[in-house]
Amino acid sequence: CNSSIYAGASGEEVSNIPLAIARLGFDETSSIIFRSLAPDLGNSEQKKMEIRHIWFHSQAIAMLSRVLAESSRQLSRNEATLVGMLHDIGKLVILHIESEQQLDQLRARMDGGMLSLAAEHEVLGYTHIDAGRMLALHWRLPKQVQQSIAFHHHPAAIKTANIPESLRHAMLTLHVAHLILQCHLNPTEDTEERLNNHPSKIPSIWQSHQRTCLHDTLRFVQREMFVSLDRESLLRQMIVEIQRLKLSFPDLFPVEET
């Protein structure tokens, strides 16, 4: 942010994260943060594919969160984008710091049907939520981002009365974005079916985890966010955006399948 591209006329140097985010804007900040954690983490084809999965997923959730926020007007679209982009940043930390042996054990647990957080805790002693929160604290990212990372696997907590309204809206937007994305990507296919249909693809850690739609999610979205998820124009817009994003990942979604 101190480069000539972003520096203001005064040329005053920024030396702390909150001011840097203010200067860059949420969208550019989230992209830079993600790219800085996703360099070449090794020569493993498995790991490269996993990074690509995480990169696509994060962009897709950020995009869907932005669309929902724009429709709702209960949450800043920039904040929704930042939360969507960074909610799974702890997964990159795990890929970066853990050995291949540990990662193989983690893959085996998840392939065996163990839920992602339980598998991470059993194999690593911590979860990608813990890793993401520690990184967000270290970088002094906005409190809303830290809290969203902490709660993004616990949508049932959305109804807790002592959760601030802004955090509740961010969590709700994130949860609905996940539901929409997994429905679009045909989540009923299991790992064996995916391999049979796409034998060139290597399944990634965390791809087996699926969100559960709470029984009154739609009513809660309508009441809290003033968004009607049965609105055809809104759903069409989100589908078009997902399809457009998939074109940027031909290794994950060959053109003939989109």
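We number each residue from 1, following the sequence as shown.
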- prompt: Hey, is the main chain of Leu141 close enough, under 3.5 Å, to the side chain of Gln146 for a donor-acceptor pair?
  reply: yes
- request: Determine yes or no for a side-chain-to-main-chain donor-acceptor pair under 3.5 angstrom, with His184 supplying the side chain and Leu181 the backbone.
  value: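 Flag not set: sc His184 to bb Leu181 has no pair under 3.5 Å.
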Is the shortest side-chain heavy-atom distance between [X] and [Y] below 4.5 Å?
X: Leu185; Y: Phe253; answer: yes
X: Pro142; Y: Glu79; answer: no
X: Met134; Y: Trp139; answer: no
X: Leu252; Y: Lys246; answer: no

task: Go through the steps to decide whether Leu95 and Ile54 satisfy the test side chain to side chain contact (heavy atoms under 4.5 Å, CB included), and finish with yes or no.
output: CA-CA 11 Å; Leu95 288 176; Ile54 296 171; 3.7 Å; yes
Roughly how far apart are [X] [atom1] and [Y] [atom2], rounded to 0.5 Å?
X: Ile242; Y: Ile180; atom1: CD1; atom2: CD1; answer: 7.5 Å
X: Leu115; Y: Glu122; atom1: CG; atom2: CD; answer: 12.0 Å
X: Glu13; Y: Asn2; atom1: CD; atom2: CG; answer: 4.5 Å
X: Ile129; Y: Ile89; atom1: CD1; atom2: CD1; answer: 14.0 Å
X: Glu70; Y: Arg66; atom1: CD; atom2: CZ; answer: 6.0 Å
X: Leu103; Y: Ile97; atom1: CG; atom2: CD1; answer: 9.5 Å

- request: Please test His175 against His87 for ring pair (Phe, Tyr, Trp, His ring centres under 6.0 Å), starting from the C-alpha separation and ending with a verdict.
  value: CA-CA 11 Å; His175 181 56; His87 74 283; over 10 Å; no
message: Test of understanding: with side chain to side chain contact (heavy atoms under 4.5 Å, CB included), list the residues that count as partners of Ala119, not counting sequence neighbours.
response: Leu106, Arg109, Met110, Met114
message: Can you list everything that forms a side chain to side chain contact (heavy atoms under 4.5 Å, CB included) with Gln102? Sequence neighbours excluded, please.
response: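 Applying side chain to side chain contact (heavy atoms under 4.5 Å, CB included) to Gln102 gives Glu98, Ser99, Gln105, Val123, Leu124.
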Going by an N to O cut-off under 4.0 Å, is there a salt bridge joining [X] and [Y]?
X: Glu50; Y: Lys91; answer: no
X: Arg244; Y: Glu241; answer: yes
X: Arg107; Y: Asp104; answer: yes

message: When you group the ILVMFWY residues by side-chain heavy-atom contacts below 4.5 Å and let the links chain together, are Leu117 and Val93 in the same group?
response: no
Ser58/Leu86 under side chain to side chain contact (heavy atoms under 4.5 Å, CB included): CA gap, chis, key distance, verdict: CA-CA 7 Å; Ser58 298; Leu86 300 182; over 6 Å; no
Distance-minimising heavy-atom pair for [X] and [Y]:
X: Ser65; Y: Gly84; result: OG-CA, 4.4 Å
X: Ile149; Y: Ala136; result: CD1-CB, 4.1 Å
X: Ala177; Y: Leu68; result: N-CD1, 4.0 Å
X: Ser148; Y: Leu174; result: O-CD2, 4.4 Å

field: Criterion side chain to side chain contact (heavy atoms under 4.5 Å, CB included) on Gln59 and Ser248, from CA distance to verdict
entry: CA-CA 11 Å; Gln59 288 193 70; Ser248 300; over 6 Å; no
field: Donor-acceptor side-chain pairing of Thr127 and Asp130 below 3.5 angstrom
entry: yes
Check against side chain to side chain contact (heavy atoms under 4.5 Å, CB included), Gln144 and Leu82: CA-CA 10 Å; Gln144 184 87 325; Leu82 184 63; over 6 Å; no
message: Tell me whether the rings of His178 and His152 are parallel (<30°), tilted (30 to 60°) or perpendicular (>60°).
response: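 Rings of His178 and His152: parallel, as their planes differ by under 30°.
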